[in-house]
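Lettering of chains follows the sequences in order, A, B, ..., and the numbering in each one begins at 1.
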Number of protein chains: 2
Amino acid sequence: MAPQLDTYFKTVDELADQFIDRLRKAVAIPSVSADPDLRPKVVEMGLFLEKELLALGATVEKRYPGEQPGFPGLQLPPIILSRYGSDPKKRTILVYGHYDVQPALKEDGWATDPWVLTVDEKDRMYGRGSTDDKGPVLGWLNAIEAHQKAGIDFPVNLLMCFEGMEEYGSEGLDDLIIAEAKKYFKDADAVCISDNYWLGTEKPCLTYGLRGCSYYSVEVTGPGQDLHSGVYGGTVVEPMTDLVNLLGTLVDNKGKILIEGLSDLVAPLTEEEQSLYGDIAFTMDDLYESLGSKTTIHEKKEEALMARWRYPSLSIHGIEGAFSAPGAKTVIPAKVTAKFSIRTVPNMQPDEVDALVFKHIHKAWEKLNTKNKVKPELMHAGKWWVASPKHWNFSAATKAVQSVFGVTPDFTREGGSIPVTLTFEQATGKNVLLLPMGSSTDAAHSINEKLDKRNYIEGTKLLGSYLHHVAEEPQV
Amino acid sequence: MAPQLDTYFKTVDELADQFIDRLRKAVAIPSVSADPDLRPKVVEMGLFLEKELLALGATVEKRYPGEQPGFPGLQLPPIILSRYGSDPKKRTILVYGHYDVQPALKEDGWATDPWVLTVDEKDRMYGRGSTDDKGPVLGWLNAIEAHQKAGIDFPVNLLMCFEGMEEYGSEGLDDLIIAEAKKYFKDADAVCISDNYWLGTEKPCLTYGLRGCSYYSVEVTGPGQDLHSGVYGGTVVEPMTDLVNLLGTLVDNKGKILIEGLSDLVAPLTEEEQSLYGDIAFTMDDLYESLGSKTTIHEKKEEALMARWRYPSLSIHGIEGAFSAPGAKTVIPAKVTAKFSIRTVPNMQPDEVDALVFKHIHKAWEKLNTKNKVKPELMHAGKWWVASPKHWNFSAATKAVQSVFGVTPDFTREGGSIPVTLTFEQATGKNVLLLPMGSSTDAAHSINEKLDKRNYIEGTKLLGSYLHHVAEEPQV
Ligand SMILES: [Zn+2]
Ligand SMILES: [Zn+2]
Ligand SMILES: [Zn+2]
Ligand SMILES: [Zn+2]
């Protein structure tokens, strides 16, 4: 029996202004996790959530992970664990979100004060954290409140995990998830994370896959110190010469990774999978718009989506230690360290990728026949993640999208990584669903971050609807 | 008749502590021309020189070149023009030096405060500007003072030109030299510049040639803004991929410039010239020591010297716009600008070099077959310079070295450029001599810059002795 959601939806609409006020209060707290000076504001934001949750009748436990590594005396903000309902006859859903935000300065080019939620004539709500991730986090609270105000029984037990260090590497979170998997989180039947975005602006999507990321540095050293190119140019084997030649062996400008054996690790494309890409609500024009150019490798949407979601890519990010400022400096840098990363996909095992990368570098280095020294290193690796989109967690979300938006969502993967996804899956052993609230134009991490009022309010309906469908989906 | 210099030399020795005090006062003024905040200190240093010169009985004219281009409201420091003596029966020597210095921060790794002249147990005098170029500039003042204290007639008329922007491109200087060539500088019979270094640490040298420098940027653009490599890696043609491939076509790690036609511009090596390199007091060990490594292109001293002095070289300095900080950032930079430069030698005409460079870049770019755009630009060009070492200016200096150090100096060229050298030569039409005071281990532009007490005090003797020999050399 399909759940009766009309009253819930109507109540959300009635409470819309209050919900926007709630977001306004949250945006006003500059909870920038990357800035130690703003750490008290991150903590304040955690306490704001606690207060709101307690007021809604949820229980809350604040977990302090301790000092921030590398910052003696700087305490990490609390991870807010919360439970709403504990009826053993109901399913239990564990949701995750983060209450910290990216840095933002008006002078970076914001049209409005980033810490004042500003709604324009098209109902776009501008403010740092509006879409990433305060809007989605508050969506869960709004859903609880709307049920209470509407007098509707909450359909599931809700476990919440809201952290305050996501934008700075989720310090302390993995340990907590692993430690609590069989304790605080032990009842969880499935996990839902709302911290990504629709592929476009109109059609909701459910996300069931993420690429991983293996990030490398490769250091080239020669002289004992930086040298003047006038005095030493022509006499010394320059590390930069070797490094640019080495980097030239990694990938071509058609996106083909030139590391021997790497493509053999990639899961073959089945005809069934190939057939899925044509239907996705996405066009090359969407891609051109988000790139700000037509400099794409592929001309066809299907190829572009596959390149983003299911094939690896290699990007050279830059070089540390060389001259990188404006102007002209005649230096021969003595030690230069390039950074590059590979986005990984099924079935690439991170350690296999490392081995191929190191082998390639050493082989290419030998060909250079140089007196300089090379030192490649893995800086960090996060594995790709793919969930089963046939799980009841996904079918509940599909029905929820249909009930709120009247369309069947696209099933998407993402090119980027959200490492906590894999941690939740591995620690709890449960299905994880990524259920985005915001749209592709929200500019998370950029200036003028926004969340459309429609996405926030219909998104609140979506989260509640999802929980109702979760309660009714048969086990498969 | 050889000049009688014993009394002068003795007086310099007696005044050594005072001369060191003079240098201590100068080093204490952080006259960093690159830092607008320190501009008042640069001016203060100019006024310090004026005061010292006036006290010695010289006349001084301060010339203010006006606002610094690109820095509205920021005045350039004065160029100090000074004259000591105006006897029409004497030769007139024009000397040049600079009173500004490179930036220096204790935390860059200095063993001592860079702004406090610190003399160690081996009589090495550490401090920013000690050798570049405050020591040599004060050497001229010391020479005047020692003559006065010794009661010896000053052998020449001395014209001095001390600027305060050398380490930031000598803003405003060229115009002044050209304007004053037939005015303030009109009596000059020859020019002497003390702003370079001995080839080693023991044997003085006279320098008669410099390489030029043509400095290029090459900008590669594609997307409208920086992109996240997770989201866009594999879908966009990355500017960094194209740039590293382009840079790989410029030069190999044996120092061979791969730009077609460039080596045809280089003056052929004659047997006579080739025979000169063997006698130079320089060993591969000297080179290894100054490099801090054995990562040289050549194994033989003659080859290394020729590579530094008489062959062109190409250095890649770095990339602007890419990720250059420590740590890991998953950015696809949208606009990256590499900087590289070519050290030029006779008979490479700068505009011919430019044409070959641009042609090469466009040809290599076509081969890359990319959707990105490339824009190479000449940032600045300074031509090479070669003087006649048979001029009386050089023979006077040769005899001065013999009288102070008891050896015949090496005649050297340098790999780096001192653009003002060519300007003085072209504007005055007179012979220019580079007469270094410091040694190869002085670490100008690096941390722990120093000037050995011996180089400063014997160098002061050398400058005075040079002027006496100048007065006696026959015209040739
Ligand atoms: Zn987020
Ligand atoms: Zn974020
Ligand atoms: Zn200098
Ligand atoms: Zn200098």
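- Annotation: maximal heavy-atom pairing with chain A below 4.5 Å, among Gly327(B), Ala304(B), Ala444(B), occurs at Gly327(B).
- Comparing Val336(A), Val251(A), Leu291(A) by how many heavy-atom pairs each has under 4.5 Å with chain B, the most go to Leu291(A).
- Judged by distance alone, the side chain of Asp286(B) and the main-chain N or O of Glu289(B) form no donor-acceptor pair under 3.5 Å.
- Among Asn253(B), Thr241(B), Val244(B), Thr296(B), the residue making the largest number of heavy-atom pairs under 4.5 Å with chain A is Asn253(B).
- In this structure, CG on Asp226(A) lies 9.5 Å from CD1 on Ile332(A), to the nearest 0.5 angstrom.
- Listed options Gly233(B), Pro333(B), Ala334(B) were ranked by heavy-atom pairs under 4.5 angstrom with chain A; first place goes to Gly233(B).
- Heavy atoms of Ile319(B) lying under 4.5 Å from chain A belong to its backbone as well as its side chain.
- The parts of Arg308(B) that come within reach of chain A are both its backbone and its side chain, each placing non-hydrogen atoms under 4.5 angstrom from that chain.
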Could you walk me through whether Ser324(B) and Glu320(A) pass the side-chain hydrogen bond (donor to acceptor under 3.5 Å, both in side chains) test, one step at a time?
CA-CA 4 Å; Ser324(B) 59; Glu320(A) 182 185 344; over 6 Å; no

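- Proximity to chain A involves both the backbone and the side chain of His317(B), based on heavy atoms less than 4.5 angstrom apart.
- There is no contact between Pro312(B) and chain A, counting heavy-atom distances below 4.5 Å.
- Interface remark: Thr249(B) contributes no atoms to any contact with chain A (heavy atom separation under 4.5 Å).
- Looking only at heavy-atom pairs under 4.5 Å with chain B, the residue among Lys294(A), His380(A), His228(A), Glu238(A) that has the most is Glu238(A).
- Using a distance-only test at 3.5 Å, with no hydrogens or angles considered, a donor-acceptor pair links the side chain of Trp384(A) to the main chain of Val345(A).
- Looking at Ser341(B), the atoms closer than 4.5 Å to chain A (heavy atoms on both sides) all sit in the side chain, from C-beta outward.
- With no hydrogens or angles considered, a side-chain donor-acceptor pair links Asn196(A) and Glu414(A) at under 3.5 Å.
- The parts of Pro326(A) that come within reach of chain B are both its backbone and its side chain, each placing non-hydrogen atoms under 4.5 angstrom from that chain.
- Between the OH atom of Tyr216(A) and the CD1 atom of Ile316(A) there is a distance of 14.0 Å, given to the nearest 0.5 Å.
- The parts of Asn369(B) that come within reach of chain A are both its backbone and its side chain, each placing non-hydrogen atoms under 4.5 angstrom from that chain.
- Checking Gln102(A) against Glu167(A) by side-chain atom types alone, a donor-acceptor pair falls below 3.5 Å.
- Counting non-hydrogen atoms of other residues, nucleotides and ligands closer than 6.0 Å to NZ of Lys301(A) gives a total above 12.
- Within the 4.5 angstrom heavy-atom criterion, only side-chain atoms of Tyr215(B), from C-beta onward, approach chain A.
- For Lys329(B), the NZ atom is loosely surrounded, since the number of other residues' heavy atoms within 6.0 Å does not exceed 12.
- Between chain A and the residues Lys256(B), Met306(B), Glu303(B), Lys339(B), the largest count of heavy-atom pairs under 4.5 Å involves Lys339(B).
- Heavy atoms of Leu246(B) lying under 4.5 Å from chain A are absent altogether.
- Ranked by heavy-atom pairs under 4.5 Å with chain B, the first of Ser229(A), Gly292(A), Ser446(A), Gly224(A) is Ser229(A).
- When heavy atoms are compared at a cutoff of 4.5 Å, Leu305(A) does not approach chain B at all.
- Of the listed residues (Gly416(A), Ser315(A), Ala338(A), Gly212(A)), the greatest number of heavy-atom pairs within a distance under 4.5 Å of chain B belongs to Ser315(A).
- Between the side chain of His298(A) and the backbone N or O of Lys300(A), no donor-acceptor pair lies under 3.5 Å.
- The environment of Lys371(B) atom NZ is dense: over 12 non-hydrogen atoms of other residues, nucleotides or ligands sit within 6.0 angstrom.
- Under a 3.5 Å cut-off, the side chain of Ser440(A) and the backbone N or O of Gly200(A) do form a donor-acceptor pair.
- Interface remark: Ala325(B) contributes backbone atoms only to the contact with chain A (heavy atom separation under 4.5 Å).
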May I have the step-by-step check of side chain to side chain contact (heavy atoms under 4.5 Å, CB included) for Leu210(B) and Leu434(B), ending in yes or no?
CA-CA 10 Å; Leu210(B) 298 167; Leu434(B) 301 187; 3.8 Å; yes

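- The most heavy-atom pairs under 4.5 Å with chain B, out of Ala307(A), Gly248(A), Gly415(A), Ala328(A), come from Ala328(A).
- Residue His445(A) does not touch chain B at all, counting heavy-atom pairs closer than 4.5 Å.
- When each of Asp195(B), Asp442(B), Thr441(B) is paired with Thr131(B), the side chain to side chain donor-acceptor pair (under 3.5 Å) condition holds for Asp442(B) and for no other.
- Looking only at heavy-atom pairs under 4.5 Å with chain A, the residue among Val331(B), Thr337(B), Leu250(B) that has the most is Val331(B).
- Most heavy-atom pairs under 4.5 Å with chain B, from the set Ser417(A), Ala322(A), Ser290(A): that is Ser290(A).
- Atom OG1 of Thr295(A) and atom NZ of Lys373(B) lie 9.0 Å apart (nearest 0.5 Å).
- Put simply, CG on Leu262(B) and CD1 on Ile257(B) are 5.0 Å apart, with the number rounded to the nearest 0.5 Å.
- With a threshold of 4.5 angstrom between heavy atoms, Lys254(B) approaches chain A through side-chain atoms but not through N, CA, C or O.
- Using a 4.5 Å cut-off between heavy atoms, Leu368(A) contacts chain B through both its backbone and its side chain.
- Of the atoms belonging to Glu299(B), it is side-chain heavy atoms, and not backbone ones, that fall under 4.5 Å from chain A.
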